[in-house]
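Worksheet for the structure shown next.
Worth saying up front: this structure is predicted, and the values here are computed from it rather than measured.
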Amino acid sequence: MIIFCAYSDLRPEAREALLVFGSNHDLRFEYVGDDDYAYGRALERRWAAGVGFAVVEQDIVIRQDVVDAFAHCPEPYCCFPYAWTTDVGPALGCTRFSIGFMRHYRGLLEEAVATGVGWQQLDVVIMRHILARK
């Protein structure tokens, strides 16, 4: 399984958890701090590669059970809830997309990036606008 962490300011404890719990997987880090749209472009490239992957954002400190659940999740789209500014719940920051899901929603990231939103609203566009519409 590919575990993808795009970051601009990677929390040390998040990095350590990824290195410890993701060590048996294909762990990929990518710096996206150049502009507010680099994260969306990075995800769009991952999507275009056509290989299922998990997203773990720079401030998410995962546990071993998260990686295990992603690796064995039978669902096409799996999320772990986490705390964010205004809520606790599932969002893009700790999500696994299967190859079947990616094939079914082939243009999802391309469409999301084309809306012109930055990283702050990318998950809202993906989940509440594009997927809700489909």
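Side-chain contact between L108 and W47 is present, with heavy atoms from C-beta onward closer than 4.5 Å. Using a 4.5 Å heavy-atom cutoff, the side chains of F29 and L19 are in contact. Considering only heavy atoms from C-beta on, H25 comes within 4.5 Å of V67 through its side chain. Counting only heavy atoms from C-beta outward, the side chains of M102 and L109 never approach each other to under 4.5 Å.
When the side chains of ILVMFWY residues are joined at heavy-atom separations under 4.5 Å, either directly or via intervening members, V113 and F97 end up in two distinct hydrophobic clusters. Residues L43 and F101 share a single hydrophobic cluster, defined by chaining ILVMFWY side chains whose heavy atoms lie under 4.5 Å apart. Put simply, I99 and F4 are part of two different groups of oily side chains (I, L, V, M, F, W, Y) that touch within less than 4.5 Å, one to the next. L10 and V56 end up in the same hydrophobic cluster when Ile, Leu, Val, Met, Phe, Trp and Tyr side chains are linked at under 4.5 Å. Placement of I60 and I3 within a single hydrophobic cluster is found when ILVMFWY residues are connected by side-chain heavy-atom separations under 4.5 Å, directly or transitively.
Between the side chain of R96 and the backbone N or O of F70, at least one donor-acceptor pair lies under 3.5 Å. Looking only at distances, a side-chain donor or acceptor of H72 sits under 3.5 Å from a matching main-chain atom of D68. The backbone N or O of G33 sits nowhere less than 3.5 Å from a side-chain atom of S8 that would complete a donor-acceptor pair.
Of all heavy-atom pairs spanning D9 and Q58, the tightest one is N-OE1, 2.8 Å. Heavy atoms only, all atoms of each residue included: G22 and L27 are closest at O-CB, 4.2 Å. Here the shortest heavy-atom pairing between C79 and T95 reads SG-OG1, 3.6 Å. Here the closest non-hydrogen pair linking Y82 and C94 is CE2-N, 3.7 Å. For the pair T115 and A112, the tightest heavy-atom approach, listed with the atom from each and the gap, is OG1-O, 2.6 Å. Between F53 and V55, the shortest heavy-atom contact is CE1-CG2, 3.4 Å.
Of the inter-residue distances, the one linking I62 atom CD1 with F80 atom CZ reads 9.5 Å to the nearest 0.5 angstrom. With rounding to the nearest 0.5 Å, the separation of CD1 in I2 from CZ in R28 is 4.0 Å.
Residue pairs meeting the salt bridge (charged side-chain N to carboxylate O under 4.0 Å, His left out) criterion with at least one member in residues 31-40, sequence neighbours excluded, are D35-R41.
R106 is linked by a salt bridge (Lys or Arg N to Asp or Glu O under 4.0 Å) to nothing, counting only residues two or more places apart in sequence or in another chain.
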Verdict with reasoning, Y77 to Y105, per ring pair (Phe, Tyr, Trp, His ring centres under 6.0 Å): CA-CA 11 Å; Y77 172 75; Y105 296 103; 8.6 Å; no
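A salt bridge is defined here as a Lys NZ or Arg NE, NH1 or NH2 lying under 4.0 Å from an Asp or Glu carboxylate O, and R46 with E30 fails to meet this definition.
C78 has its SG atom within less than 2.5 Å of the SG atom of C73.
Side-chain polar atoms of Y39 and E57 form a donor-acceptor pair below 3.5 angstrom.
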